Every structure is written in C-alpha cells, then in structure tokens.
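Below: the structure, in structure tokens.
All ligand and atom numbering here is 1-based and tracks the order in the structure. Model, not experiment: these values are computed from the prediction.
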Amino acid sequence: MVDLSGRVAIVTGGASGIGRSAAQQLARAGAAVAVADINGEGAEEVARGIQAAGGDALAVTTDVAQPPQIESMVERVVSHFGALHILCNNAADLSLLERDRDLLQTDIETWNKTWEADLRSVMVASKHALPHMLAAGGGAIVNVSSVDGASGDNTRFAYATAKAGINVLTQCMAVAYGKSGIRCNAILPGLVLSPAATDTLEAHPAIREIFLENVLTPHLGTPEEIASVIVFLASDAASYVNGQLIRVDGGLLSHVPHLAQHEKYFATLATSAEAPGDGATSA
Ligand SMILES: NC(=O)c1ccc[n+]([C@@H]2O[C@H](COP(=O)([O-])OP(=O)(O)OC[C@H]3O[C@@H](n4cnc5c(N)ncnc54)[C@H](O)[C@@H]3O)[C@@H](O)[C@H]2O)c1
C-alpha cells in the first residue's frame with residue numbers, strides 16, 4: 001500500500017478525467033492535494049469531494065497556458081500547505097484538437113496555443129516547482145504525455161509534437177535533477193475513457209471497436225487505471241524509477257501494426273473452411 005502521508009501534490013487539469021482520478025487517488029494515499037484547473041468550479045467540486053472523504057485538498061483556478069498563473073499556483077500551494085513534493089503535469093487543452101486535424105489546414109495560432117498549453121506549461125510548472133522540491137530534499141514529477149507523442153499519425157500534428165516534447169523534457173529533467181533526489185517520469189496513455197474521449201466515442205461508435213481490436217486487453221482504459229500509475233510513480237515505491245516514458249495503453253503500441261487485419265483475414269479463412277462442402281471440414 002502506497003503511503004503519501006506528509007506529502008503535498010499538485011495535479012494540473014485536476015477537475016476532470018485522468019487528473020480528477022489522480023487527485024482523488026493521491027489524496028486517498030495520504031497526500032494533501034492541490035487540484036489546479038482552468039475550470040475553477042470543477043476543481044472546487046473535486047477538492048470538496050476529497051475533503052468530504054476525509055482528505056486534504058485545495059482548489060486553485062489556473063490556466064496553464066499563462067505562465068504567471070502557473071507561478072501563482074505554485075506559490076499559493078506552498079504558502080497553503082507549507083511545502084511541495086509531487087507535481088503531476090496532466091493538463092492539456094484538448095479543445096484545440098478540432099483545429100489540429102490536417103497539417104495543411106493547421107494555422108500558426110493553433111500550433112502555438114497547443115504548444116503553450118500542452119508543452120510549455122510542463123516546463124513552466126516544473127521550473128517553479130523544482131526549487132520547492134529541492135528545498136524539501138526531493139520530489140517526483142509525473143508528466144502525462146500520450147502515445148501520440150511516440151508514433152506517427154496523419155492528424156494532431158501540434159498535439160503529438162507537444163507530447164513528444166514532454167517526453168524529452170521528462171528525460172532532461174531526470175538527468176539534471178535526479179542526483180538531487182528529484183525523479184521525473186512520463187506516462188503515455190493510449191485511449192482512455194475520460195469525458196474528452198467518451199464524447200468522441202459517442203459521436204463515432206466505430207472508433208471504440210477499432211481501439212478494442214488494437215489493445216491487448218478485453219477493455220478500454222479508464223482514468224483510474226492511469227491514475228494508479230501516477231500514484232505509483234509519485235511514491236517511494238518507484239524510488240528507482242527515473243527518466244522513464246511508461247506506456248499505459250493496453251498494449252496498443254506493443255504489437256505488429258497489421259495485427260487486426262491479420263486476425264480478420266484468418267477469421268475469413270476459418271469461416272470459409274467451415275462452409276458446407278469445403279474439403280477442410282470433411283475429414
Ligand atoms: N483520454 C485519452 O484518451 C488520453 C490519451 C492520451 C493522453 N491523454 C492526456 O491525458 C491528460 C488528461 O486528459 P483527459 O483525457 O483526462 O481529459 P479531460 O478533458 O477529462 O481533462 C482535462 C482537464 O484539463 C483541463 N484543462 C484544459 N485546458 C487547461 C488549461 N489551459 N489550464 C488548466 N487546465 C486545463 C480541463 O478543464 C480538464 O479538467 C491530457 O494531458 C491528455 O493529453 C488523454
């Protein structure tokens with residue numbers, strides 16, 4: 001059982017999905033948690049839920065695309081809780097994905113805003129959190145990246161490159177501060193059934209089937225399944241884990257790319273082999 005008693009954590013994007021579940025699980029493990037989100041009401045609701053369950057939480061309305069707001073977030077948390085040990089850089093502005101479909105159509109503003117909210121925010125939050133972690137004698141940064149930052153697709157160019165940037169930034173921070181007791185790791189989720197993803201799946205039910213065909217689990221991932229890995233990486237249970245990019249994707253990127261097509265092809269052969277009069281079934 002992970003024990004985070006006495007630790008203080010910030011979770012950005014903590015009002016919904018993966019961040020919400022991470023805030024709740026960190027609090028259940030004993031950490032005092034700052035729920036930071038551009039959606040202040042949502043952050044308040046999550047913080048109230050944690051308090052109602054007996055945990056310690058603070059909501060901090062923060063737009064991570066605005067560096068001064070990130071600086072204020074860190075200062076507010078440290079002045080409220082007295083220290084900072086864990087930073088989970090989870091927020092991303094997924095509303096920009098609509099405008100990030102095709103490279104030829106992607107405008108410079110979309111590219112810049114995506115990088116500001118999804119990548120620069122990770123650098124800025126870490127820059128302001130690290131001095132407090134170093135003062136506390138150590139800490140853990142857990143960045144929420146994506147499998148999109150580790151493989152090519154024909155869409156989401158700005159998002160995918162921002163996530164790829166997080167991956168290298170994670171490793172650079174592990175190199176620079178590991179000897180000082182700071183561990184920095186990234187999680188690369190595959191499709192996760194957070195509100196952002198379930199909206200898409202409701203609009204395009206076929207996408208659910210495509211992903212189910214391509215993960216190596218009987219189900220699609222949930223925010224809780226990502227959050228449990230965030231808690232592990234934030235805790236002393238992961239004391240020898242540093243600079244790692246950990247895919248939590250149900251095995252999505254672990255198989256040959258033509259797996260689903262192969263299975264369909266061999267299923268077709270099996271069906272035709274069972275057809276009446278087929279030599280293969282008439283032994
Ligand atoms: N759900 C997936 O399938 C999936 C897959 C791979 C990676 N991810 C990553 O997981 C993370 C969380 O996504 P989710 O699926 O839980 O989405 P979500 O929409 O449920 O939660 C995202 C949260 O971030 C907040 N947010 C958005 N812009 C912000 C800003 N500028 N400042 C502060 N907060 C902001 C939103 O208000 C929301 O509460 C993101 O980094 C996303 O890229 C998600």
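Ring geometry for H258 versus H262: interplanar angle over 60°, hence perpendicular rather than tilted (30 to 60°).
Side-chain contact check for Q24 versus V33: every heavy-atom pair is 4.5 Å or farther apart.
L4 and F232 end up in different hydrophobic clusters when Ile, Leu, Val, Met, Phe, Trp and Tyr side chains are linked at under 4.5 Å. Hydrophobic clustering (ILVMFWY, side-chain heavy atoms < 4.5 Å, transitive): I86 and L233 are in distinct clusters.
Contacts between R20 and ligand 1 below 4.0 angstrom, taking non-hydrogen atoms only, are absent altogether. Counting heavy atoms under 4.0 Å from ligand 1, residue S145 touches it through the backbone alone.
Ion pair R99/E109 flagged as a salt bridge, since at least one NZ, NE, NH1 or NH2 atom sits closer than 4.0 Å to an Asp/Glu carboxylate oxygen.
At least one heavy atom of D63 sits less than 4.0 Å from an atom of ligand 1.
Checking only distances, S16 does come within under 3.5 Å of ligand 1, N or O to N or O.
Comparing A92, G13, G14 by heavy-atom distance to atom 27 (C) of ligand 1, the nearest is A92. When L94, D148, L201 are ranked by how near their heavy atoms come to atom 13 (O) of ligand 1, first place goes to L94. Remark: among candidates V192, V60, L188, the nearest residue to atom 2 (C) of ligand 1 is V192, based on non-hydrogen atoms.
With ligand atoms numbered from 1 in the order given, ligand 1 contributes 3 (O) to contacts under 4.0 Å with heavy atoms of L191. Listed by number with element, the atoms of ligand 1 under 4.0 angstrom from any heavy atom of I18 are 10 (O), 16 (O), 44 (C).
Distance screen at 4.0 Å: atom 22 (C) of ligand 1 has no protein heavy-atom neighbour inside the cut-off.
For atom 37 (O) of ligand 1, the nearest non-hydrogen atom of the protein is D37 OD1, 2.6 Å.
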Walk me through it: do D107 and T110 pass the test side chain to side chain donor-acceptor pair (under 3.5 Å)? CA-CA 5 Å; D107 54 279; T110 301; 2.9 Å; yes
Would R156 and D100 count as a salt bridge (charged side-chain N to carboxylate O under 4.0 Å, His left out) here? Give the steps. CA-CA 5 Å; R156 299 181 168 190; D100 184 21; over 6 Å; no
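Within a 6.0 Å sphere centred on CD of Q261, other residues, nucleotides and ligands contribute 12 heavy atoms or fewer.
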